[in-house]
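Remarks on the structure that follows.
Just so it is clear, the structure is predicted and the values come from calculations on it, not from any experiment.
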Amino acid sequence: MSIEEKIRETANQFPEFSYIFEDWYSASTALSRVALPAIIAILPVNGNIKFRNGRTYDTENIAIAFVDKVPRDANAGDNSTVYNRMKIAGVEFIKALNKSGYFEPIGEEVRYEVICEKFADIVTGVFFDLQLKEGGMC
């Protein structure tokens, strides 16, 4: 099972969210075709393959975004409500990834960035920079 398939399986535990797996540009277009809120797994920008004891271990550096619609020109309070709700969903998602056992535990500190009224559709949320370290045969 690929890393993306493992992420998708975790996303399926959040039925209130649509799931998108794209690059940043295509994700913007895909948002108009799915129900919101959405989880967006951004194509990995890079990674590492480790060879040890005849096994390979894949590590991908990815971004996972959690977004929901906001009105055009939403005020700070509206955006804050949405990105805080999406941040909480992201934290629960990361906990689910850790619980899945597919990856080494995600570190104690995870960087996130707020997305305010970006993409073709007007959405707000957060994205998390994650390094997913997979164990076992690839």
Side-chain angles (χ1 to χ4, degrees):
M1 186 182 301
S2 71
I3 287 179
E4 189 277 326
E5 289 169 329
K6 293 171 183 176
I7 294 169
R8 181 183 301 272
E9 185 175 295
T10 303
N12 288 339
Q13 297 173 31
F14 296 79
E16 67 277 16
F17 283 81
S18 296
Y19 176 76
I20 298 170
F21 177 64
E22 293 288 350
D23 59 48
W24 277 115
Y25 177 77
S26 299
S28 181
T29 304
L31 275 174
S32 63
R33 297 188 307 262
V34 300
L36 294 176
I39 298 169
I40 308 169
I42 304 300
L43 286 169
V45 293
N46 59 41
N48 296 296
I49 299 288
K50 183 185 288 186
F51 299 93
R52 184 175 53 204
N53 299 327
R55 299 181 99 180
T56 57
Y57 299 87
D58 193 2
T59 299
E60 289 186 352
N61 298 315
I62 65 166
I64 299 182
F66 298 81
V67 298
D68 202 356
K69 191 135 184 108
V70 292
R72 183 174 299 283
D73 298 323
N75 65 35
D78 292 337
N79 278 309
S80 176
T81 298
V82 173
Y83 72 69
N84 280 310
R85 185 167 39 87
M86 294 298 100
K87 184 171 30 172
I88 291 167
V91 167
E92 293 306 312
F93 186 86
I94 291 168
K95 287 179 183 179
L97 282 176
N98 279 340
K99 189 176 179 182
S100 74
Y102 287 138
F103 308 103
E104 291 182 15
I106 295 168
E108 293 178 8
E109 191 171 310
V110 175
R111 183 182 173 280
Y112 71 90
E113 190 169 317
V114 174
I115 303 166
C116 280
E117 301 182 46
K118 294 189 179 175
F119 294 110
D121 284 3
I122 306 301
V123 297
T124 291
V126 297
F127 75 86
F128 295 84
D129 286 326
L130 299 177
Q131 185 176 69
L132 298 179
K133 294 182 179 184
E134 183 180 51
M137 293 296 282
C138 294

Val91-Leu132 co-clustered via ILVMFWY side chain contacts under 4.5 Å: no
ILVMFWY network linking Val34 to Tyr25, side-chain heavy atoms under 4.5 angstrom: no
Gap separating the [atom1] atom of [X] from the [atom2] atom of [Y], nearest 0.5 angstrom:
X: Leu130; Y: Arg111; atom1: CG; atom2: CZ; answer: 11.0 Å
X: Ile106; Y: Lys95; atom1: CD1; atom2: NZ; answer: 12.5 Å
X: Ile7; Y: Ile64; atom1: CD1; atom2: CD1; answer: 4.5 Å
X: Glu60; Y: Phe103; atom1: CD; atom2: CZ; answer: 8.0 Å
X: Glu113; Y: Phe128; atom1: CD; atom2: CZ; answer: 11.5 Å
X: Glu92; Y: Phe14; atom1: CD; atom2: CZ; answer: 6.5 Å

Got [X] and [Y] here, is their nearest side-chain heavy-atom distance under 4.5 Å?
X: Ile115; Y: Val126; answer: no
X: Lys87; Y: Asn84; answer: yes
X: Thr124; Y: Val67; answer: no

No-hydrogen, no-angle side-chain donor-acceptor test under 3.5 Å, Asp78 and Thr81: no
Under-4.0 Å salt bridge between Lys6 and Glu9: no
Verify, without hydrogens or angle tests, whether [X] (side chain) and [Y] (backbone) share a donor-acceptor contact under 3.5 angstrom.
X: Ser26; Y: Asp23; value: no
X: Glu5; Y: Ser2; value: yes
X: Ser100; Y: Leu97; value: yes

What closest approach, in Å, do [X] and [Y] show between heavy atoms, and which atom pair accounts for it?
X: Ala89; Y: Phe17; result: CB-CZ, 3.6 Å
X: Ala27; Y: Glu22; result: N-CB, 3.6 Å
X: Tyr83; Y: Cys116; result: CD2-SG, 4.2 Å
X: Thr10; Y: Ala96; result: CG2-CB, 3.7 Å

side-chain contact (heavy atoms from CB on, under 4.5 Å) evaluation trace for Asp129 with Val110: CA-CA 7 Å; Asp129 286 326; Val110 175; 6.0 Å; no
Full working for side-chain contact (heavy atoms from CB on, under 4.5 Å) between Val123 and Val70: CA-CA 5 Å; Val123 297; Val70 292; 5.9 Å; no
Please tabulate, one pair per line, all N/O donor-acceptor pairs under 3.5 Å involving side-chain atoms of residues 35-53, not counting sequence neighbours.
| unit_1 | atom_1 | unit_2 | atom_2 | d |
| --- | --- | --- | --- | --- |
| Asn46 | OD1 | Asn61 | ND2 | 2.4 |

Heavy-atom neighbours of Tyr112 OH exceed 12 at 6.0 Å: no
All side chain to side chain contact (heavy atoms under 4.5 Å, CB included) counterparts of Asn12, not counting sequence neighbours: Arg8
